[in-house]
Amino acid sequence: MKIGILGGGQLGRMLIQEALKYDDDFYTLDPNKECSCANISFFTQGNFNEKQAVLDFGQGKDVVSIEIEHVNVEALEELENQGIKVIPNSSIIKIIQQKILQKQFYKHHQIPSPDFQIIQSLEDDIQIGFPFVQKLNTGGYDGKGVQVIQDETELKNMWNEPSVLENLVAIDKELSLIIAKNERGEIQSFPVTEMVADPKLNLLDFNICPAMLSNDVQNQIDVIAEKFMQAADSEGLFAIELFMDHNGKVWVNETAPRLHNSGHQTQEGNANSQFEQFYRVLKNLPLADTSIFGFSGMLNLVGEENFSGKVKYQGLENVLKLPNAYVHLYGKTETKPGRKMGHINVLADSREELLKQLIHIKSLVKVISV
Ligand code: ADP
C-alpha cells in the first residue's frame, strides 16, 4: 500500500521504523529536506500548509495521514471527495486545529474540560475570573501560545489575538490516554500515562506508565474516552491529554489527533507500541494488544540551553551500558535549546525504581553541540 504522511518529523520516523517489517511504501511531505523522515521514505519537500502541495502529494496514495495537525484541511477535504482515504478525517483535524472549536466541541458533547470564555481581541470584555489561562486559537505548540494570567496586574501581558481564556486548574497530575479506532470499528486504548513536565521549558519531560489511579479516576477517564471517540466519529489514533485536579476530578486539556510524545515508552513497555497500533489503523488491520509489562517510562532528549549547531549526545555511552534502557534518536543533525532530539525508554519492576532510573539517566546525558 502507498501510505502518505503529512509531516516528516520523529513521529513519522518511528511509525516507518516500526512498519518496515510489513510491506508498504511510505511517502512523506515536509518543508525541511533534512527532516527525520527524509532519508527513510519517498520524500517530497513541500509545505503541508499549502493546499496545492497537499493535493499533489495525496494523488495516487491509498491512505493519507498526518503526524502534525497543523496541515491544510481544505486539501484533505478535497482528497476525501476524490475518494482518497484520509485518517483521521478532515473534520476532526479541523476542530482540533483551532482551540476555540476544540473547546466548543467538548462543551457540545459534554466532555469535561475547564470552563472558558472566547475572545476575538482584547477589545472584548473579559468575564472569566482570575487566575485564567490564555490559549491562542491557532499557532500554539509545545506550550508556546499558552500563558497564565494570575491577576489584574498581568492583563497587560495578554496577546491581542483570538483566544480561549480558561479556568486555571489546580493540577495534581497530567495524564494522557492514547486510543485508536480502525475502520472495522474496533477501539483499543493504552494504559494511562502520567506526564511530568519541565516547568521551565514547558516541555514534557518524563512519562510514567501505568499512572497510579483510583478506580474512580480510571472510570472518569473511560467515560471521557468513550464520549470522545463517539463524538470524533473518525478512525485514527488520538492522544487525549487530561488533568486530574486536587479533588480527583478529571478534565480534558486537549487532544492530539495523531501519535504522541506521551506514548513513546510503548515501544518497549507494551506488547505493541503506539506506532504499531497506528500502522494497523492506517491499514484497517485488527488492532494490537496494548498490555503493559511492568513499569515503563520515558525521558525526552532535549537540546540544552545555550547550545546550537551540530548535535552531540554527551554521556550516551553510559546509558547504553545500562540494562532496561533503550535509546531512540530522531535523525536530526542540528540541536537548538528545547528541541526534541530523541528519547530514552526505561523499564523497571516498580514505580520507585523507574523514577530513580529516569532521574539517574537524565543526569548522565546532555544534548549539546560540538
Ligand atoms: P500545548 O498545546 O502548547 O501543549 P497545552 O494546552 O497543553 O499547550 O498547555 C501547556 C501546559 O500548560 C499544560 O501541559 C499544563 O501544564 C498547562 N495548562 C494548560 N491549560 C491549563 C489549565 N486550564 N490549568 C492549568 N494548567 C494548564
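Start at 1 and go down the list; that is how both ligands and their atoms are numbered. The chain is numbered in sequence order, starting from 1. All of these numbers come straight from a predicted model, not from anything done at the bench.
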Considering the heavy atoms of Glu166, write down every atom of ligand 1 situated less than 4.0 Å from one of them. 20 (N), 21 (C), 22 (C), 23 (N)

Can you name the atoms of ligand 1, numbered from 1 with element, that are less than 4.0 Å from a heavy atom of Glu174? 13 (C), 14 (O), 15 (C), 16 (O)

Would you say the side-chain atoms of Gln274 pair up with the backbone N or O of His260, donor to acceptor, closer than 3.5 Å? yes

Looking at ligand 1, does Lys99 have a heavy atom less than 4.0 Å from it? yes

For ligand 1, the portion of Leu168 having any non-hydrogen atom under 4.0 Å away: both

Would you mind checking if Glu276 and Lys21 are paired as a salt bridge, meaning a charged N to carboxylate O distance below 4.0 Å? yes

Out of Phe243, Phe132, Phe116, indicate the one that has the non-hydrogen atom closest to atom 21 (C) of ligand 1. Phe243

Using a heavy-atom cut-off of under 4.0 Å, does the side chain or the backbone of Val148 touch ligand 1, or both, or neither? neither

Any side-chain heavy atom of Lys227 within less than 4.5 Å of one from Ile224? no

If the threshold is 4.0 Å, N to carboxylate O, is there a salt bridge linking Lys103 and Glu254? no

If the cut-off is 4.0 Å to any non-hydrogen atom of Asn253, which atoms of ligand 1 fall inside it? 5 (P), 6 (O), 7 (O), 20 (N)

Polar side chain donor-acceptor pair, Gln10 to His328, under 3.5 angstrom: no

Using a strict 4.0 Å cut-off to heavy atoms of Ile171, name the atoms of ligand 1 that fall inside it. 25 (C), 26 (N)

Is the shortest side-chain N to carboxylate O distance from Lys51 to Glu74 below 4.0 Å? yes

Contact region, Val133 to ligand 1, non-hydrogen atoms below 4.0 Å, reads side chain

Mark up the atoms of ligand 1 that fall under 4.0 Å of a heavy atom belonging to Lys135, in ascending order. 6 (O), 19 (C), 20 (N)

Looking at the rings of Tyr27 and Phe57, which for Trp means the six-membered one, are their centres under 6.0 Å apart? no

If the contact criterion is a heavy-atom separation under 4.0 Å, does Trp251 count as touching ligand 1? no

Using distance alone, determine whether Val146 and ligand 1 share an N or O pair under 3.5 Å. no

Test of ring centre spacing under 6.0 Å for Phe48 and His70: no

